[in-house]
Q: 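The structure under discussion is supplied below as structure tokens; questions concerning it will follow.
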There are 4 protein chains.
Amino acid sequence: MTRDVHLDVVDDSPKEECGVVAVWNHPRAVHLGYLGLYALQHRGQEAAGLAASSNGKIHSERGVGMVADVLNAERLERLDGYYNKNDLSNRGVIGHTRYSTAGGSGAENIQPLVETMFDGPVSVAHNGNLINADAWKHELSKRGQLFHTSSDTEVMIHLLASPDQRDTPDPTGAMLRNLQGAFSLVLLLKDRIEAARDPWGFRPLVLGELEDGSACVASETVALDVMGAKFVREIEPGEIVTLSDEGVHSRRYAAPMSPLSRCVFEHVYFANPASEVFGQNVLVSREEFGKQLAIESPVEADIVMPMPDSGRSAANGYAHESGIPYREGIVPNRYVGRTFIKPTQAERAAAVRLKLNVVSEIVQGKRVVIVDDSIVRGTTTREKMKQIREAGASEIHVRISCPPIVSPCFYGVDFATPEQLIAHNKSVDEIREYLEVDSLHFLSHDGMLGVMKNKESGYCTACFTGKYPIDPEQPLACEVTTKRQAELFAEHHG
Amino acid sequence: MTRDVHLDVVDDSPKEECGVVAVWNHPRAVHLGYLGLYALQHRGQEAAGLAASSNGKIHSERGVGMVADVLNAERLERLDGYYNKNDLSNRGVIGHTRYSTAGGSGAENIQPLVETMFDGPVSVAHNGNLINADAWKHELSKRGQLFHTSSDTEVMIHLLASPDQRDTPDPTGAMLRNLQGAFSLVLLLKDRIEAARDPWGFRPLVLGELEDGSACVASETVALDVMGAKFVREIEPGEIVTLSDEGVHSRRYAAPMSPLSRCVFEHVYFANPASEVFGQNVLVSREEFGKQLAIESPVEADIVMPMPDSGRSAANGYAHESGIPYREGIVPNRYVGRTFIKPTQAERAAAVRLKLNVVSEIVQGKRVVIVDDSIVRGTTTREKMKQIREAGASEIHVRISCPPIVSPCFYGVDFATPEQLIAHNKSVDEIREYLEVDSLHFLSHDGMLGVMKNKESGYCTACFTGKYPIDPEQPLACEVTTKRQAELFAEHHG
Amino acid sequence: MTRDVHLDVVDDSPKEECGVVAVWNHPRAVHLGYLGLYALQHRGQEAAGLAASSNGKIHSERGVGMVADVLNAERLERLDGYYNKNDLSNRGVIGHTRYSTAGGSGAENIQPLVETMFDGPVSVAHNGNLINADAWKHELSKRGQLFHTSSDTEVMIHLLASPDQRDTPDPTGAMLRNLQGAFSLVLLLKDRIEAARDPWGFRPLVLGELEDGSACVASETVALDVMGAKFVREIEPGEIVTLSDEGVHSRRYAAPMSPLSRCVFEHVYFANPASEVFGQNVLVSREEFGKQLAIESPVEADIVMPMPDSGRSAANGYAHESGIPYREGIVPNRYVGRTFIKPTQAERAAAVRLKLNVVSEIVQGKRVVIVDDSIVRGTTTREKMKQIREAGASEIHVRISCPPIVSPCFYGVDFATPEQLIAHNKSVDEIREYLEVDSLHFLSHDGMLGVMKNKESGYCTACFTGKYPIDPEQPLACEVTTKRQAELFAEHHG
Amino acid sequence: MTRDVHLDVVDDSPKEECGVVAVWNHPRAVHLGYLGLYALQHRGQEAAGLAASSNGKIHSERGVGMVADVLNAERLERLDGYYNKNDLSNRGVIGHTRYSTAGGSGAENIQPLVETMFDGPVSVAHNGNLINADAWKHELSKRGQLFHTSSDTEVMIHLLASPDQRDTPDPTGAMLRNLQGAFSLVLLLKDRIEAARDPWGFRPLVLGELEDGSACVASETVALDVMGAKFVREIEPGEIVTLSDEGVHSRRYAAPMSPLSRCVFEHVYFANPASEVFGQNVLVSREEFGKQLAIESPVEADIVMPMPDSGRSAANGYAHESGIPYREGIVPNRYVGRTFIKPTQAERAAAVRLKLNVVSEIVQGKRVVIVDDSIVRGTTTREKMKQIREAGASEIHVRISCPPIVSPCFYGVDFATPEQLIAHNKSVDEIREYLEVDSLHFLSHDGMLGVMKNKESGYCTACFTGKYPIDPEQPLACEVTTKRQAELFAEHHG
């Protein structure tokens, strides 16, 4: 039988791994967690889940699909039922949405994971990617530990449950010091939530305050907005924030790395334009990328057109800076989701037309500047350019609001393999030829960073440069990791 | 149990009734029909279906939900299996997507309806609304006819099957002459497809040609684009176009009304911006509405912002005409679909925030012009304005790219009851007060029609004026209908 | 993909078409109807449905599957909601369970059918098979009537709705006089239920009285027992019983045929052993068949064993009459339902073993009499005999409690095609050879009828004799049917 | 919303926990495992699953429901796909069916459990109940082990994975020596299946040989029959049997207890009548129970009637021994499964009638002996007796083919709490009064054991006596368990 195939056969956009959310002790915590996840749907559309603690127990509802499909009325009510509304203490909710169930083995990988440790149940939701997860899996299973998922997250819980960490004054800190890589996580325990960010600061994580003064945490500020929470501050690299009946408390488990490795691609593509990420608004950053692009690569043209929806802000910036009129001549189909496509050329072309329609009244006989956020594989962009030419554009000038992506990400973004990255294999001019357009320019590395505030405190641009802040090929051995992190911690806090 | 509630508790946008599609005798007809429906999803998101004829039989697959959910791989393959790929003659496919299953009695109303008549099976898909359906139901059931749906469409099939029509030289024409109201329909018979449009021309219907020369029909040109078909021409008011193994043939069954009653709201809101409707591109019309609006109601302001996605083209036109910078400071959530909302004020406010987020970095301290396509009930607009004020706008000036909607539509659009229409009950200034904004202007009736090509040949603007081309309260009696139409037909063709 | 296949690949038992039930105006009518259908599940396991009237409307819930799967809590509550519990008048419920959705076109054929006539909605559930349905379909569609199912039942409703019948003093009677064949039906109208039985009396239909005095109808008395109703009497051939707020009324629409054609196979196999059918208990009939079989065909043997569950009563009768000890050495699997079987010989053999296991401790070295109710195709019986031999039986003597089945049934039983009937093609001795058993005897035709009470008033034994009470090949033309029945009615009532 | 309720509101029969099955290296292993589970459906109807190993990996398909519903065609094919049909080595399948998902936390408890240990994946399916599972959970979680189910089975895998056991010459044996209680289990490893039985021999487990010489294991011989396998022998208490590419090998990990504690209730009620359990046929045991009951408690009566289906064999034995005629006057509904019952008295009574109908023609005016296998709570029996009286029986004499059940089982049977057991609270005469019958007798303890072969080697009759072979209230501490078992093993094998 022919299987349902995701329209992503024609989607070469990069995939974010995850979004997380946490709410402590609010009467509508389950529903707020649900709203928060909904607002983070752009960070992962393949699976979702919520876990609620109450009376020392944790109940979770998880599944494959979009937030609103997985967390239907029945499941939300079930969670709400578990979440004790009469006893006002020790009630927390955490949630997770993810791009894919990595490992392919299905439902058991969907977060939040729930396990029972000696001191009770624990649930974890995690955004990021660990470099040393496999090393720890080897070590832990040698000690007799069992694994029933293929996720990084299970490693964290094993470390937390182990007497090596449990019998220290700060088990969560001790656990986190064993990890290398990108992690912004929320941990639900029977009497508190702990939210932490890795010392490199790869992925965002923010603290909010709900209208009744209770605390919440989310991957992005847009989730706070939707939950009706005020943005308090970012959780800092190397920090653990505890939400409990005693209020919100902070401690450091590790020194922040200097410089940091905050992911610049959150601003280029991933984060919601309405979010504040790393201290600045994403939509404004994108407008600025567009303006800088107009400065770096001007062109004589009749109209500036965005590739919807991702290129819209940068195109607007480009138009303002260049003075060329901004018009939207590419119409996206708002209803495209999962669909049924046979892997033939005819069907793929139909799929691209299904996603976008070019308005020939707008482009006919015009010199058009097309602005998009990035090019990953290039196959879809090529199809789109063909559509624009067929609609009658006399010239096509492509402007991309970030540098060429030449290397894969090991910190939580699923671009593609190096072989699939068009800029890994082709020069800018070769890409231009492949796309069959009149000119092609990418924003420069420095131009991009020039838009970022506090750039001296550090950003990861490994996907554009191949320079990785943590060597993905040679993670430290487990014991070394542990020792090194403990030293760093001691240095800083000693 | 609390039920799943559509986020439309906070959606007061008007609802189009339907989209239709038809393909004759193409090897991939089922898949093309599916693609066409997908492209017409904006015309109806509640139910969808396809019917395929082959070897004198008709098989249909229908269900409640979005096109891609209802017509999954299994159902498409089942249709494809029924559709004889070895015998190259007499194979047709028609499809339908609709806003609601009117009558509330569920699945049996989902189109295309399939029935067995004396001369074989027949299937119909219909966009529009009949004024005299109830009168015919009364008459036909008195004659002993049975009804198992509450849809207009079943009336058409009964008329077609009746010896009164069947025993005439043109049964389809005879049937159509019995109808009053808006109807653009496709009829699948064992040896042909017949596509027809009412004499008033309310709803669009276009003819296309596929790459192999075979013919297709759709509600909008965007469906032709997605199917890979060339736009041939509009089907004319009062025309029947037949698609069969003998090719494409046209005949008139009635004189087109003069003036026509083409729905101007298709350009204001309904139709896909990429479509050509009634001879002009919809997106360009909307830009022109925005320019005219800037001419009619200028204002001193810092930025022009669209209400996404419906106000975008008009906002762009307004910005170009006024010279005020265009910026997008309202970010829509692309993933909002069905969701779970309790009908409390807190949840409704959350739902509005879930759909839209305002970027305060953009609006803070600014005099903002907000451009939207229309206001129906006003409740959601009010919530949105509140969000913009809270984000820091110093002044809010609302500009609407059509006149106030004061009357319901009886020709296929589901706005609301008159009582729910804010402009039915309030003056423009009262609406401005209700929205708590600094100024409010609607595009004038003449300004709107000024944008329309060939406006002298006629448009229906009943929702803005209350002047109905066919009296919805007093349809002619059935015998009078029949007689009158026959006379009109004779006058014209005689 | 390999499809789920019914275990009936190894089931050659005859299939009954349907069971019907009706309840008038009881506060728990929906649930009682459900219980009644549940008790009639043995009469059809492929589809089920209930229809409830209230306030002049009729709502139905129907689906493919067993009663308890189709009519789940949600659907029963929905029906219950439609059924007005505050207004105590004009509330009825009818139900249907059936073996197959004849016509293969699926859900639309599932009963009770609901249609809207001129005088309001109507719903029908029907047990039996019409001989002249196709003739009427031809005639009615010629008149312009539409058909959307392939069921006999729709013909009945068309006839009822037609002015030819509607404008007579007794439309239901007039409709029924147009029918030839087997029909026991219940008709739900807005102000009454009408229950009727064909003039030949093929299928059973009984009237009951609930504990509060309200009336109900069912195919078998076992449904009355489960509903907690008292058995009042059989509905007579040619009778219509009306249940309404005016109580229970009876009238004749046709003379009962003389002799009647009551289906003897109801006693042999179909009916529930606990039911009274045609005035006598089914289980006791089966014991008597077994006793008569022992008289007709005695044998020297060590034990009598039933083929479970159908042969149990007859085996017990055989044992009592013969004095040979009764032991149960074949154990059925109580959980066999739908299963997944590949159509290979190995899988089929496994499927037979899955349904039945022979206890070798019981049969080892024994001369065994196996008693079963009937043999249809013989393939399964052959497999079972093989199992018994392999378990060590020294002799196998098969005794069947009815005569050989040589002809198909046209009155509501789906045996098989003549070609598939083993006794159509082979003599008793050839069947014995095919089964590889030591002896084989069938109950004689007269021996069987000798057990039936009032046998002089008539039974149909066409499947054993090929003598059909109504010629299935040559139904009368529609006008002749109507005329003939009217004459018969006049003769009798005139 | 009213929930679906199991008809077991009127079912007070005892519940068996589980059935297990295993097949090594057969081309149709997945399907054979499926057939085996199907044959064991009577041992558990709430959940089922299969796990298949191939190429060092294990894939499982599990779910809530009956075997045929959970393991549908799609899931069987998925398992079959994982199970490498081209590489002929190291391919095993194990399966499990269970009464309930103990712990209530749902899907994660459904067996076979699959986990990843240091030396690869492992899967376990287990029938029985551990006395010291909680003690081990405490101990293991203290060591840092994580639990994600509430099942005993997970404890076993943790012990197996722990270096304490893994680094011994026989990890499986070492693991099993840590357990106290009832366990018959199958363990799927990447290169073998290990099947083991506890040293007390509580639950059955048998070894079979398939037609191609490959080996299989199942809880009961009836599963071997359905798989087409020859019964080889019972797996002995304290034995591990290994199925691998090297063939079938046996070893002892513990001395069998003397006397053994084989569960006599398997013969009274649980096991399939066609199975050989503990060396004798179950159906024959039940006939013998009935004969002994006739000897112990004779009565003057007209007929002997079984309570179907459980009392049939004993009733037959009673009839033969007493000479009173055997007749079946209670007709079970073969289609009763899950149904929808409101917890009212009227609905409960209806539910009992739905399950059983009494034929008054049989019992009217008769002195009736009713034989059943056991009485647990007595509520259903009371309802049934009421039905029989209402059907006209002049006297009712109840005979039960086992002693009164006075104590709960801790070794894998879910009777009820002591408070719910009628014989825990009432004398036999008080029960007779409660049932409102003329006489009541239970089979004596010695009479029951007199039927069992080799009774001197030991049976558990704790439910009838309260004398538990392993103290359920005071399991040994973990270290003591381990030490004591090691000593016992050394004593025996040293």
Side-chain angles (χ1 to χ4, degrees), chain A residues 1-4 28 31-32 34-35 38-39 41-42 45 66-69 71-74 76-77 222 225-228 272-274 280-281 283-284 287 309 312-313 316 319-320 325-329 331 333-340 342 346-347 349-350 353-354 357-362, chain B residues 1-5 28 31 34-35 38-39 41-42 45 66-69 71-74 76-77 222 225-228 272-274 280-281 283-284 287 309 312-313 316 319-320 325-329 331 333-340 342 346-347 349-350 353-354 357-362:
Chain A
M1 198 178 102
T2 313
R3 301 255 315 286
D4 269 29
R28 295 191 304 120
H31 200 78
L32 290 172
Y34 166 76
L35 289 172
Y38 213 136
Q41 184 77 80
H42 61 284
Q45 294 102 49
M66 304 286 270
V67 171
D69 294 329
L71 298 168
N72 55 20
E74 191 186 344
L76 288 178
E77 295 216 337
V222 73
D225 295 344
V226 168
M227 290 192 283
N272 187 298
Q280 71 193 90
N281 173 259
L283 189 149
V284 174
E287 286 184 352
D309 293 310
R312 193 167 277 133
S313 301
N316 203 1
H320 281 162
Y326 173 89
R327 289 183 81 183
E328 306 210 357
V331 178
N333 184 338
R334 291 288 169 229
Y335 301 99
V336 170
R338 286 201 161 274
T339 189
F340 167 76
K342 285 188 187 141
E347 302 271 319
R353 288 193 307 262
L354 197 54
N357 290 91
V358 180
V359 181
S360 63
E361 279 78 356
I362 302 284
Chain B
M1 198 178 102
T2 313
R3 302 255 315 287
D4 269 31
V5 175
R28 294 190 305 119
H31 201 78
Y34 166 75
L35 290 172
Y38 213 135
Q41 184 77 79
H42 61 283
Q45 294 103 49
M66 304 285 271
V67 172
D69 295 328
L71 298 168
N72 56 20
E74 191 187 344
L76 289 178
E77 295 216 336
V222 72
D225 295 345
V226 167
M227 291 192 282
N272 187 299
Q280 69 192 92
N281 174 258
L283 189 148
V284 174
E287 287 183 352
D309 294 310
R312 194 167 276 133
S313 301
N316 203 1
H320 280 162
Y326 173 87
R327 290 183 80 184
E328 306 210 357
V331 178
N333 184 340
R334 290 287 171 232
Y335 301 99
V336 170
R338 285 201 161 274
T339 188
F340 167 77
K342 285 185 186 144
E347 302 271 320
R353 287 193 307 262
L354 197 55
N357 290 90
V358 180
V359 180
S360 62
E361 279 79 354
I362 303 284

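Quick caveat: nothing in here was measured; it's all calculated off a predicted structure. Every chain is numbered from 1, with letters handed out A, B, ... down the list of sequences. Every heavy atom of this structure was used, including side-chain atoms; hydrogens, water molecules and symmetry mates were not.
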Q: Which residue out of A:Q45, A:M66, A:Q280 racks up the most heavy-atom pairs below 4.5 Å with chain B?
A: A:Q45

Q: Evaluate the side-chain proximity of A:Y335 to B:V67: yes if any heavy-atom separation is below 4.5 Å, no if none is.
A: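 Of all side-chain heavy-atom pairs linking A:Y335 with B:V67, none is under 4.5 Å.
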
Q: Tell me, out of B:N272, B:V358, B:V284, B:D225, who's got the most heavy-atom pairs with chain A below 4.5 Å.
A: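 The answer is B:D225.
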
Q: Does a side-chain heavy-atom distance below 4.5 Å link A:I362 with B:E287?
A: yes

Q: Would the distance check show the side chain of A:N357 and the main-chain N or O of B:V226 forming a donor-acceptor pair, the cut-off being under 3.5 Å?
A: no

Q: Does B:R334 reach the main-chain N or O of A:H42 with its side chain, forming a donor-acceptor pair under 3.5 Å?
A: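 Checked: no pair found.
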
Q: Would you say A:R312 and B:R312 make side-chain contact, with heavy atoms under 4.5 Å?
A: yes

Q: Is it the side chain or the backbone of A:V222 that comes within 4.5 Å of chain B heavy atoms, both, or neither?
A: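 Both parts, backbone and side chain.
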
Q: Which heavy atom of B:E328 sits nearest a heavy atom of A:E328, and at what distance?
A: OE2-OE2, 3.3 Å

Q: If I measure from the heavy atoms of chain B, does A:N316 come under 4.5 Å with its side chain, its backbone, both, or neither?
A: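 Looking at A:N316, just its side chain touches chain B.
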
Q: Nearest heavy-atom pair of B:Y38 and A:N333: which atoms, and what distance?
A: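 Heavy atoms of B:Y38 and A:N333 come nearest at O-ND2, 3.4 Å.
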
Q: Taking the side chain as every heavy atom from C-beta outward, state whether A:H320 and B:R327 have any pair of such atoms under 4.5 Å apart.
A: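 They are in side-chain contact.
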
Q: Quick one: closest heavy-atom pair of A:P273 and B:V359, and the distance?
A: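 The pair with the smallest heavy-atom distance is O-CG2, 4.3 Å.
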
